[in-house]
Amino acid sequence: MSGILYFVPTPIGNLEDMTFRAIRVLKEADYILCEDTRTSGILLKHFEISKPLKSYHLHNEHQATEKVIADLKSGQTVAIITDAGTPGISDPGYLLAKAGSDHGIEMICLPGATAFVPSLVVSGLPNNEFLFAGFLPQKKGRQTKLKQLAEEKKTIVLYESPHKINTTLEQIREFFGEETRASLSREISKKFEETKRGTITELIEFSKSKTLKGEIVLIVNNSI
């Protein structure tokens, strides 16, 4: 009988966001896949979880997936975590989920921390329908993607890094229009959590007035 593959969200900043169920599942797994064994080692030590850690990241997931599927087929229980948040959401995990589906492996994703849901809720922008676009392409296809998104009537969710946020905001104003409504959230669940709402022009002024740190979630809607 095949084992179970668990996708386990981990805190994106506040350790209190770790669920009791997540701790139990990680303690019961035969081993845990993670992006960085050092980062995850700190988390597991905090919650007194002592299980083997194996690297599973963007640079080795193709090679590692085959071995993980073989272990699952042999009856082992495997859990996958990332440095923060839910595996597979702009983080490694999709290839393993696809392989699990292809091989008929039982898979369970626990509910838990992810950056974009809190950001979307507090944005004040329509959230009955939304498009999660993740990170924009770095170079090739970036302008094409922006043109496509500018035609979208749903609220758009984007991830961006602090050192690229000013460029992205300027490009959104160029393609979407200067009166586009937007919300910028950073440091979700952490001590210095902050959300700024307004037009895209107002967000540009805000972003340029200070040095932003931490993962940034940008919520955009140009249909209101």
Side-chain angles (χ1 to χ4, degrees), residues 1-119 132 134-135 159-163 186-193 213-217:
M1 182 177 178
S2 298
I4 301 174
L5 173 60
Y6 287 96
F7 295 81
V8 181
T10 53
I12 57 176
N14 192 325
L15 290 177
E16 293 179 357
D17 291 335
M18 191 75 168
T19 68
F20 292 118
R21 186 183 178 199
I23 294 171
R24 176 183 61 78
V25 167
L26 293 179
K27 286 183 176 180
E28 293 176 353
D30 288 295
Y31 64 86
I32 300 167
L33 300 171
C34 65
E35 286 185 273
D36 187 320
T37 55
R38 294 165 298 181
T39 299
S40 295
I42 295 171
L43 176 75
L44 298 189
K45 184 178 180 180
H46 179 84
F47 290 107
E48 300 179 345
I49 300 169
S50 180
K51 287 291 178 176
L53 283 172
K54 298 186 179 183
S55 294
Y56 189 88
H57 46 72
L58 292 174
H59 302 293
N60 78 341
E61 58 182 340
H62 287 86
Q63 298 90 333
T65 294
E66 185 176 345
K67 175 64 168 63
V68 175
I69 293 298
D71 290 340
L72 288 162
K73 285 185 174 182
S74 73
Q76 294 190 60
T77 296
V78 179
I80 177 171
I81 61 177
T82 60
D83 289 347
T86 301
I89 304 296
S90 292
D91 278 319
Y94 164 70
L95 283 180
L96 189 55
K98 182 181 185 302
S101 175
D102 291 343
H103 288 272
I105 301 295
E106 181 178 357
M107 298 186 291
I108 297 174
C109 181
L110 276 58
T114 188
F116 82 82
V117 174
S119 304
F132 177 77
F135 288 97
Y159 282 166
E160 191 52 276
S161 61
H163 65 281
R186 67 183 190 92
E187 300 283 77
I188 293 294
S189 85
K190 300 178 184 177
K191 182 179 180 180
F192 298 106
E193 177 176 337
K213 297 180 180 180
E215 183 178 80
I216 294 170
V217 183

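Residues F7 and P87 approach most closely at CD2-CB, 3.9 Å, considering heavy atoms. The heavy-atom pair separating V25 from V8 by the smallest distance is CG1-CG2, 4.0 Å.
In this view, D36 and R38 satisfy the side chain to side chain donor-acceptor pair (under 3.5 Å) rule, not counting sequence neighbours. The side chain to side chain donor-acceptor pair (under 3.5 Å) check on E215 picks up nothing, with sequence neighbours excluded. With sequence neighbours excluded, the residues that form a side-chain contact (heavy atoms from CB on, under 4.5 Å) with A64 are Y56, N60. Every residue two or more places apart in sequence or in another chain that forms a salt bridge (charged side-chain N to carboxylate O under 4.0 Å, His left out) with E187 is listed here: K190. For E28, the side chain to side chain donor-acceptor pair (under 3.5 Å) criterion is met by R24, not counting sequence neighbours. Take I42 and apply the side-chain contact (heavy atoms from CB on, under 4.5 Å) test, not counting sequence neighbours, and it matches no residue. Evaluation of the side-chain contact (heavy atoms from CB on, under 4.5 Å) rule for K27 yields I23, I49 as partners, not counting sequence neighbours. Not counting sequence neighbours, the partners of K98 by the side chain to side chain donor-acceptor pair (under 3.5 Å) test are D102. Checked against side-chain contact (heavy atoms from CB on, under 4.5 Å), T114 has the following partners two or more places apart in sequence or in another chain: T86, I89, F116, V117, Y159.
Residues in residues 43-55 take part in no side chain to side chain donor-acceptor pair (under 3.5 Å) pair, two or more places apart or across chains. Applying the side chain to side chain donor-acceptor pair (under 3.5 Å) test to every pair with at least one member in residues 3-15, sequence neighbours left out, gives no pairs at all.
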Can you give the donor-acceptor pairs under 3.5 Å from side chains of residues 67-83 to other protein atoms, not counting sequence neighbours?
| from | atom 1 | to | atom 2 | distance (Å) |
| --- | --- | --- | --- | --- |
| K67 | NZ | D71 | OD1 | 2.9 |
| K67 | NZ | D71 | OD2 | 2.9 |
| D71 | OD1 | Q76 | NE2 | 3.4 |
| D71 | OD2 | Y31 | OH | 2.7 |
| K73 | NZ | H103 | ND1 | 2.9 |
| S74 | OG | D71 | O | 2.6 |
| T82 | OG1 | A84 | O | 3.1 |

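Side-chain atoms of S101 do not come within 3.5 Å of backbone N or O of A97 as any donor-acceptor pair.
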